[in-house]
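I have placed the structure first, in the form of structure tokens, so that the comments after it can refer back to it.
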Amino acid sequence: MPEMDAVQLRLLQEVAGLHDIPEGAYNLRANGQSVGRNTTANIDIQTKKEASGIDIHIKSGTKKESVHIPVVLSQSGLKETVYNDFYVGDDCDVLIVAGCGIDNCGTQDSEHDGIHRFFIGKNSKIRYVEKHYGSGDGSGKRILDPVTEAYIDEGSTMEMEMVQIKGVDSTKRTTIAQLKKDAKLVVRERLMTHGQQSAESIYKVTLSEDGSSADVVSRSVARDESFQKLDLCIIGDAQCSGHTECDSIIMDKGRILAVPSLEANSTEAQLVHEAAIGKIAGEQLIKLMTLGLTEQEAEEQIINGFLK
Amino acid sequence: MLELRNIRFKAEDDDSSKEIIRDINLEIPDGKFVVITGPNGGGKSTLAKLIAGIEKPTGGSIIFDSEDITDKSITERARMGIGFAFQQPVRFKGITVFDLLKIASGTKLSVSQACDYLSEVGLCARDYINREVNASLSGGELKRIEIATILARNVKLAVFDEPEAGIDLWSFNNLIRIFENMRGSKEKRTVIVISHQERILNIADEIIVLADGEVTEQGSRDAILPKIIGSGYAKNACPKIEKGGEANA
């Protein structure tokens, strides 16, 4: 199997917080090839036959285990679509870390579109962390159009932490979830765009059975001349509760379009949405300046805190 | 020592201008606890902001530790040792109490040091250190955290703009205790408090009355307090409770 170079290792650290090969199950993909895989007694990873990607099977009752499936791209001009399917059994408690780092120093666009589908059994608890990161000073764009689909069965909980802070030129992130009885979805999205970047984040969460709930919160910062569209929709078909929130800081010549929406198809559905866009409050800057920070340092602290 | 020389401040609107501070001259020696009182709209908060650099005077100069700081920025003044506590403490999404104390101290503050500052203002670090400085905190809690940031900065001069504003009586009693401790501490920092409260005026070394942008009275507590007691410049937090003695102490 090919070794990873310094650039790839740096990307790996950015997206998965990994300095080295992780413990537990993993599949590392670099420049379109698998560069390492480990399976455990409870977690199996198989290469798909009909398409590019992997199938991950997590046995019922698997607890306190993790799966890492980071992807790094350092070759300019590489475009790939990868299908990863997670089959999670009943009564599991598992951490799944995905993410993609692109370093593009060349002139051609690099693109990775990860299509992740989760089929989660009953009474399981899944924490899913997805980080996207771009670097490199080439004129070629770094493009990520991920799709996440989650089908959550009775009594299961899924927490998603979706982070894209730096360097991705263009992204269209689509997340679709369907929840059965007493299932719960919690999403925490953190997004920052700068330069000429554009980011579109779409959520469509369907609460199809009684007792299901969703809390989808997106915090974002648009700097320079970047553009963001945040489209968060919750659909309530039963006795359920849903909350969506877009909270954004706008700076420089940034633009943000927030479109939170709710669709209730049952009188028992309780749905709430909130959206706020504004610049950093002057008094916040002043407060931190009275503590000895410069205006620029104060701004960084406020954004770091907001996106934490 | 802080010196204000012929300080003037005019607030400019689109078509009108109003003189908020008219030719103020003050000398505040090191280590003194000074309370500035006076009617609403008399220019007290503006004066506090002029000292911290949040507002720039339209005339005159401000001297701190023998250096002219009139043209210095908020940051420069902060770094020289001037602290400012807001009348309405600012809230931040995502910034924790610990983060704020770390920023204030300017060092790699340890949890136990942060705990010391918080306990000085009557907050248990275990409950607060990881809380966000956001709308989930009450007015009284925010005020105390605001004061803890001043303690963490170890400033030479601390300016408090109406610390009693927007807090409940119970918190007010605790606040008085914090000021009493600060006054009794061995650090000997200069403290300027903008306040109408008789109990704060009661612990002052010196009282300054500011009305209509001018200093109308200035002197020791014993000289000034009897003249203003019962006026709007020296109020009780709650007459009934004050009368009842230590009901809330």
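Lettering follows sequence order; numbering is per chain, from 1.
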Proximal component of B:Ile150, with respect to chain A [non-hydrogen, under 4.5 Å]:
neither
Would A:Ile286 and B:Phe86 satisfy side chain to side chain contact (heavy atoms under 4.5 Å, CB included), going step by step from the backbone distance to the final call?
CA-CA 10 Å; A:Ile286 290 173; B:Phe86 285 64; 3.6 Å; yes
Scanning both residues in full, the closest heavy-atom pair of A:Met289 with B:Ile74 reads C-CG2, 3.7 Å
To the nearest 0.5 angstrom, please state how far the OG1 atom of A:Thr290 sits from the CZ atom of B:Arg153.
7.0 Å
Does A:Gln284 use its side chain to pair, donor to acceptor, with the backbone of B:Val90 at less than 3.5 Å?
no
Taking atom CD of B:Glu12 as the centre, does the number of heavy atoms from other residues, nucleotides or ligands within less than 6.0 Å exceed 12?
yes
With a cut-off of 6.0 Å (strictly less than), are more than 12 heavy atoms of other residues, nucleotides or ligands near NZ of A:Lys166?
no
Proximity breakdown for A:Glu297 and chain B, heavy-atom pairs closer than 4.5 Å:
side chain
I need the A:Leu307 CG to B:Lys93 NZ distance, nearest 0.5 Å.
12.0 Å
Chain A heavy atoms under 4.5 Å from B:Arg91: which part of the residue, side chain, backbone, both or neither?
backbone
Ranking B:Ala78, B:Gly53, B:Ala52 by heavy-atom pairs under 4.5 Å to chain A gives rank one to B:Ala78
Are the side chains of A:Gln301 and B:Phe92 in touch, meaning some heavy atoms are under 4.5 Å apart?
no
Just give me the residue among B:Gly94, B:Pro89, B:Gly83, B:Ala104 that pairs up with chain A most often, heavy atom to heavy atom, under 4.5 Å.
B:Gly94
Taking atom CD as the centre, does A:Glu299 end up with more than 12 heavy-atom neighbours from other residues, nucleotides or ligands that are less than 6.0 angstrom away?
yes
Whether over 12 other heavy atoms sit under 6.0 Å from A:Lys253 NZ:
no
Neighbour count >12 (heavy atoms, 6.0 Å) for atom CD, A:Glu300
yes
Report which part of A:Asp247 has an atom under 4.5 Å of a heavy atom belonging to chain B: side chain, backbone, both, or neither.
side chain
Quick one: CD on B:Gln88 to CD on A:Glu283, what's the gap to the nearest 0.5 Å?
8.5 Å
Donor-acceptor pair, B:Thr75 side chain versus A:Gly292 backbone, under 3.5 Å?
no
Between A:Lys308 and chain B, which part of the residue has a heavy atom less than 4.5 Å away: side chain, backbone, both or neither?
side chain
Working to the nearest 0.5 angstrom, can you tell me the gap between A:Asn304 CG and B:Ile95 CD1?
8.5 Å
